[in-house]
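Notes follow the structure.
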Amino acid sequence: MLDRIFNPESFEKNFSFEIEASLRKPDAEPFMVLLPPPNVTGSLHMGHALCYTIQDIIARYKRLKGYDVLFQPGLDHAGIITQLLVEKNLYENGVEKGSLTREILLKEIWFFKENSGSTILDQMKVLGISCDFARLRFTMDDEGKKAITKMFVDLFNDGLIYRGRRMVSWDPLIGSAVSDLEISEKEVDGNLWYIKYMLADSSGEYITVATTRPETLFGDAAVAVHPDDERYRHLVGKEVLVPLTDRKIRIISDKYANPEKGSGAVKITPAHDFNDYEVGIRNRLPMIEIMNFNGELNENVPEIFQFTDRFAAREKVVDFLNKKELLEKVEKIRQKIPFGDRSDVPLEPMITHQWFVNAEKLAIPAIEAVETGKIKFIPKHWENLYFEWLKNVRPWCISRQIWWGHRIPAWYGPDGQIFVAETFEGAMEKAVGFYGKNKVELTQDEDVLDTWFSSGAWPFVVLGWPKQTDELKRFYSKMIVVTGFDIIFFWIARMIMMGIYCMKEVPFPDVYIHGLVRDDKGRKMSKSRGNVINPLTLCKKYGADAVRYTLASMASPGRDVRLNEQSVENGRNFLTKLWNVVRFAQMNGCVYNKEFNIAKVNNSVAKWIILCVRQLIIDVEKSMDNYRVDEVANHIYHCVWDSFCDWYMEFIKPVLQQSALRDDERQGYDLPLTILKKDIRDTTAWAIIQFLRVLYPICPFIVKKLCGEMGIINTAWPDASAIDLDFSEAVREVEVLKTLISSVRSMKQYLNIPLNEKINIRAESSDKYIENTILKHKETVQRMAGAVLGEISKQTVPIVIDEAVIHMEVGSKINIETELERLTKESDKLNKTREAALLRLANEDFCNKATDDVVEEHKKRVETLGEKIQKIDYIISSLKVV
RNA sequence: GGGCGCAUAGCUCAGCGGUAGAGCACUACGUUGACAUCGUAGUGGUCGUAGGUUCGAUCCCUGCUGCGCCCACCA
């Protein structure tokens with residue numbers, strides 16, 4: 001016997017899903033779920049929990065439906081984050097900065113990976129995520145390395161990867177280029193300095209230039225004014241002196257200068273600003289680099305400023321300008337500055353040698369794949385974001401100046417000649433051929449590849465590419481990927497581009513984009529705000545199933561999830577309810593009976609619940625096929641709680657719980673008690689088992705536990721088509737009964753009659769079927785509504801239910817006047833609805849243009865409304881007599 | 001500046017060309033054999049606003065307002 005209270009801790013840890021996750025079904029249709037590999041440094045947060053739960057539900061559903069499901073787990077090496085983390089640990093443990101070599105650091109990171117890399121995997125298991133952990137892959141494992149290297153070489157040979165000297169966003173703290181996508185703008189307080197640039201002709205005339213970055217003036221190559229700007233037209237072509245140096249630069253005319261901003265004249269620093277870079281190229285200006293890669297000014301600035309950090313230099317420059325009276329004024333402004341996501345320091349535009357992917361070219365088929373519907377986003381509007389980005393995609397800088405990552409397979413000859421090959425030997429061969437010598441000194445490129453470069457190849461690398469494995473053929477392009485919108489650019493777009501390039505085929509037909517998990521006030525969860533909810537804490541407190549169920553029920557596509565503990569508690573309450581359903585079954589001897597045949601059930605209530613279950617299965621399948629896990633959770637909730645617990649169980653209690661029924665109590669049932677009891681027991685067990693089966697994808701732990709209690713092991717998916725039985729009579733009967741009981745209860749409540757106080761009622765209907773139904777179930781009516789069928793003598797109130805008029809004996813409780821008022825109101829309301837429907841039917845356009853179904857429906861409605869109104873009017877008139 | 005999303009009950013959200021829905025909260029009553037992590041009943045909404053399309057609009061279209069997000073720019 002189960003405990004009264006459901007304690008997830010007592011059984012969750014007993015279940016592992018590794019066997020079913022690793023089970024292959026070679027003859028079944030393949031289906032793959034591609035888990036977005038978490039960072040090797042990661043630990044499970046609410047966002048993961050949502051993302052993985054949705055995937056796990058899909059994977060488990062597909063497994064039950066008979067697919068050969070491959071749920072592929074992995075870990076991402078996460079270049080910069082991991083390196084920073086391990087470096088920080090080392091420094092905190094006394095390692096001196098600068099003493100780290102590439103070899104030592106890599107060794108330390110591998111050590112870290114081997115020891116802490118499984119944290120998140122263990123946490124996933126707590127949540128019940130059923131990936132095939134035996135197939136765990138790491139983006140930097142040996143096969144991965146080979147594959148990524150090959151992909152790089154292929155792209156290079158096709159001219160889609162090239163090396164170039166370009167301006168990139170540089171992170172001075174990390175000492176690496178960073179992706180355009182890994183930049184966040186922050187609004188900070190800043191100044192706008194108005195600086196006098198004296199004309200070189202010693203006339204004493206000057207032009208005022210406004211800048212937020214005075215320290216970059218050493219890199220100035222020109223001052224630009226707008227061609228149409230009258231104020232400065234006479235100065236164009238003249239030379240000015242760069243303040244604090246003797247260098248002369250020209251005043252040029254370029255439409256980049258905006259007369260509205262600052263002074264209308266802008267200093268052009270081509271080597272340290274993206275816009276100025278363009279202006280510089282357009283006007284053939286020199287690119288004067290004044291900064292080192294660590295953010296200090298270099299030897300191209302006056303000695304006194306050399307090797308000063310950029311921010312210290314700024315103050316120093318302003319100070320000097322002030323002293324030389326070259327500063328006209330200072331304005332306080334709020335400005336937005338790009339910060340590196342990883343290091344949280346302001347980034348610096350720098351001209352550097354980098355490797356680039358020709359993303360424009362790869363984007364063309366990637367755009368087409370979504371446009372033609374080969375790939376669908378769910379919800380669809382995310383496709384807009386995808387298009388917007390890909391159609392304006394810029395060259396993708398894939399080199400990073402760090403050590404942890406896939407090293408770029410390029411070697412340089414003594415003269416800087418590049419040799420790209422999958423191995424050193426391959427490069428050497430090329431070099432030997434190139435130089436015509438036997439031996440050449442080759443040095444490998446120091447840089448590593450952007451983490452997302454390897455992530456883009458994940459869908460086929462995990463399947464064994466470049467080897468043409470059976471799995472690759474079987475599962476590639478048969479997968480679903482579930483992820484947050486924030487990595488559509490980073491990951492989804494790259495997987496599609498790389499997939500089409502390497503495999504000549506899209507990797508997946510469906511991309512499910514889920515929302516963000518926020519706190520109950522709609523704020524992002526963040527450590528600094530202190531509103532982070534830890535999924536593992538919730539799992540411990542409420543059970544993994546409750547967390548999964550809650551997330552599923554809230555995962556409406558395209559919407560963020562506002563989570564609070566209360567909602568998890570509600571989820572847990574539902575599972576407690578289910579738990580007690582099984583407890584009830586146990587107490588009444590309802591266990592799985594494989595001989596049971598639902599078609600042979602001969603009891604209305606049992607037939608009714610069988611059809612409820614059938615409808616549930618149909619609804620769940622439909623929702624599941626649209627990935628609407630929220631709907632699935634709700635369907636199950638309502639069927640179990642509303643239909644099964646609140647009605648069915650109450651109906652059947654006397655059959656199961658009384659050792660014998662008197663003859664007069666037995667009238668409602670068509671069979672001798674022993675058979676009836678067996679039928680009900682079997683039906684009850686059967687229905688519960690179906691509930692458990694459809695709930696399994698969402699709540700695997702408790703379902704396994706309860707299946708065991710119900711006497712079954714396998715959790716096959718139920719087949720709705722096997723329940724295609726004509727039980728419509730029974731359904732009608734039970735619906736009448738339900739309506740009657742509700743109506744009586746409602747009326748008693750309205751009249752302040754306690755529910756358990758017995759009252760007399762008399763059914764009176766033109767429809768004998770209704771009367772008979774009520775008569776047949778009078779015991780149930782009495783028990784559940786406290787209403788005794790019989791002759792009534794005292795003051796009565798007629799109530800109308802859908803099909804019948806019932807008279808209730810209510811003694812003196814009723815106030816005729818208020819009752820009349822209420823009924824008149826109701827009658828008016830119904831009349832209005834009826835008139836509206838009548839008007840429509842009288843409208844020719846409606847009859848012509850509406851579909852036949854709709855017209856029929858309206859006719860029926862008018863009819864039913866008419867009947868109801870008649871009944872109410874009858875009641876009103878009989879009340880008036882009283 | 002360009003784009004996207006959202007607006008439905010007190011709160012969180014489903015829904016949808018033809019009766020306005022759920023959970024929570026609230027109110028009243030109840031509860032000793034599945035379950036107080038409970039039961040029964042009830043209160044509560046001109047579906048943001050103004051137009052348009054339609055026989056009919058919460059739903060489709062347009063404008064507006066408010067909120068959120070993305071991209072670009074910012075001397």
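Naming: A, B, ... by sequence-line order, numbering from 1 per chain. Keep in mind it's a predicted model, so treat the numbers as computed, not measured.
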Atom-to-atom span, [atom1] of [X] to [atom2] of [N] - whole angstrom:
| X | N | atom1 | atom2 | answer |
| --- | --- | --- | --- | --- |
| A:H858 | B:G56 | NE2 | P | 13 Å |
| A:F387 | B:C71 | CZ | P | 18 Å |
| A:M784 | B:G39 | CE | C1' | 11 Å |
| A:K577 | B:C24 | NZ | C1' | 17 Å |
| A:N634 | B:A14 | CG | P | 11 Å |
| A:I488 | B:C4 | CD1 | C1' | 11 Å |
| A:F6 | B:U37 | CZ | P | 14 Å |
| A:E835 | B:U19 | CD | P | 15 Å |

At less than 4.0 Å, is any side-chain N or O atom of [X] found next to OP1 or OP2 of [N]? Yes or no.
| X | N | value |
| --- | --- | --- |
| A:R4 | B:A34 | no |
| A:R840 | B:U19 | yes |
| A:R583 | B:C35 | yes |
| A:S746 | B:G42 | yes |
| A:R628 | B:G15 | yes |
| A:R562 | B:U12 | yes |
| A:R559 | B:A14 | yes |
| A:S556 | B:A14 | yes |
| A:R394 | B:A72 | yes |
| A:K748 | B:A41 | no |
| A:W389 | B:G3 | no |

Of the options [options], whose atoms approach the side-chain atoms of [X] most closely?
| X | options | result |
| --- | --- | --- |
| A:F489 | B:C24, B:C29, B:C70 | B:C70 |
| A:N573 | B:U37, B:U19, B:A41 | B:U37 |
| A:V581 | B:G15, B:A34, B:G18 | B:A34 |
| A:V854 | B:G18, B:C35, B:C29 | B:G18 |
| A:T576 | B:C29, B:C24, B:C35 | B:C35 |
| A:D646 | B:A41, B:U54, B:G39 | B:G39 |
| A:Y637 | B:U40, B:C35, B:C24 | B:C24 |
| A:M587 | B:A34, B:G18, B:C55 | B:A34 |
| A:A850 | B:C69, B:C35, B:G18 | B:G18 |
| A:D845 | B:C24, B:C55, B:A41 | B:C55 |

Backbone of [Y] reached by a side-chain donor or acceptor of [X] within 3.5 Å:
| X | Y | value |
| --- | --- | --- |
| A:R231 | A:P259 | yes |
| A:K329 | A:Y194 | no |
| A:N588 | A:C590 | no |
| A:N531 | A:D519 | no |

Discussion item. Please evaluate residues A:D630 and A:S553 with respect to the criterion side chain to side chain donor-acceptor pair (under 3.5 Å), reporting the C-alpha separation (whole Å), side-chain torsions for both, the decisive distance (0.1 Å), and the verdict.
Written reply: CA-CA 4 Å; A:D630 57 325; A:S553 72; over 6 Å; no

Worksheet entry | From CA spacing to verdict: side chain to side chain contact (heavy atoms under 4.5 Å, CB included), A:F377, A:L385 | CA-CA 11 Å; A:F377 280 66; A:L385 189 72; over 6 Å; no

[atom1] atoms of [N] and [M], separation to the nearest Å:
| N | M | atom1 | value |
| --- | --- | --- | --- |
| B:G5 | B:G45 | C1' | 24 Å |
| B:U43 | B:G48 | P | 23 Å |
| B:G44 | B:A20 | P | 15 Å |
| B:A50 | B:A25 | P | 35 Å |
| B:G17 | B:C11 | C1' | 29 Å |
| B:A14 | B:A9 | C1' | 13 Å |
| B:U58 | B:G1 | C1' | 33 Å |
| B:G10 | B:C4 | P | 31 Å |

Discussion item. Can you see whether A:T216 engages A:K267 through a side-chain donor-acceptor pair at a distance of less than 3.5 angstrom?
Written reply: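 The answer is yes; a qualifying pair exists.
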
Worksheet item: Going by distance alone, is a donor N or O of one side chain under 3.5 Å from an acceptor N or O of the other, for A:N564 and A:S567?
Response: yes

Practice prompt. Under the salt bridge (Lys or Arg N to Asp or Glu O under 4.0 Å) rule, collect the residues that match up with A:E565, sequence neighbours excluded.
Written response: A:K541

Checking all strands, does [X] fall into the base, sugar-phosphate, or nothing category for heavy-atom contacts under 4.0 angstrom?
| X | result |
| --- | --- |
| A:A257 | base |
| A:K267 | nothing |
| A:I5 | base |
| A:C645 | base |
| A:M554 | nothing |

Worksheet item: With no angle test and no hydrogens, is the base of B:C73 tied to the side chain of A:E185 by a donor-acceptor pair under 3.5 Å?
Response: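 Present.
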
Item to complete: Go through A:W641 and A:D646 one step at a time and tell me if the side chain to side chain contact (heavy atoms under 4.5 Å, CB included) criterion holds.
Response: CA-CA 6 Å; A:W641 205 309; A:D646 290 352; 3.8 Å; yes

Item to complete: Starting from Watson-Crick (N1-N3 plus N6-O4 or O6-N4) and G-U wobble pairs under 3.5 Å, report the runs of at least three that RNA chain B belongs to.
Response: B:1-7 with B:65-71, B:10-13 with B:21-24, B:26-30 with B:38-42, B:48-52 with B:60-64

Discussion item. Which is more 5' along RNA chain B, the nucleotide nearest A:H381 or the one nearest A:E857? Just name the residue.
Written reply: A:H381

Discussion item. What verdict does the ring-ring contact (aromatic ring centres under 6.0 Å, His included) test give for A:W382 and A:Y386, after you've listed the backbone C-alpha separation in whole Å, the side-chain angles of each residue and the deciding distance to 0.1 Å?
Written reply: CA-CA 6 Å; A:W382 291 113; A:Y386 172 84; over 10 Å; no

Worksheet item: Given the rule in the side chain to side chain donor-acceptor pair (under 3.5 Å) test, do A:Y232 and A:S253 qualify, once you have shown the distances and angles that lead to the verdict?
Response: CA-CA 9 Å; A:Y232 302 121; A:S253 158; over 6 Å; no

